[in-house]
Amino acid sequence: MTTLKMTVIGLALLGASVTANAAADVASNPQAARLDAAKTRVAWEARNTKGAPSAELRFEERRLQNLLDRLEQGERVDPKEIDRELIRAR
């Protein structure tokens, strides 16, 4: 195989393993799993909404992603803050 093909295959495998590890991190933490599900739902609603409501939903999606990032980085996140964001995302 050529060097280019080997590089592309290597990068594809690396990307797949990073994605699998991120999914495993979310699955191992129930709070992160709930946040991820809410973020996915809010993102879908934002894509299917127009105008100001869509912008509000995008902002909510960013807040949920921020909490997910903090959890993944090992920061302590107050459960009340998580519950508040999940209620807001409904």
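These values consider heavy atoms only, across backbone and side chains, with no hydrogens, waters or symmetry-generated copies.
Scanning all heavy atoms of the two residues, the minimum distance from L68 to A32 falls at CD2-O, 3.4 Å. Across L71 and V77, no two heavy atoms sit closer than the pair CD2-CG2, 3.9 Å.
The structure places CZ of R70 at 9.5 Å from CD of Q73, a figure rounded to the nearest 0.5 Å. Here N66 contributes atom CG and E81 contributes atom CD; the two are 8.0 Å apart, rounded to the nearest 0.5 Å. If you take CG on D36 and CG on L64, they are separated by 9.5 Å, rounding to the nearest 0.5 Å. With rounding to the nearest 0.5 Å, the separation of CZ in R84 from CG in D78 is 7.0 Å. The distance from atom CD of E45 to atom CG of L57, rounded to the nearest 0.5 Å, is 6.0 Å.
Looking at R41, its side chain does come within 3.5 Å of a backbone N or O of A89 through a donor-acceptor pair.
Of the candidates K39, E60, R34, E85 forms a side-chain contact (heavy atoms from CB on, under 4.5 Å) with just one, namely E60.
A salt bridge links E61 and R58; the closest N-O separation between the charged side-chain nitrogens and carboxylate oxygens is under 4.0 Å.
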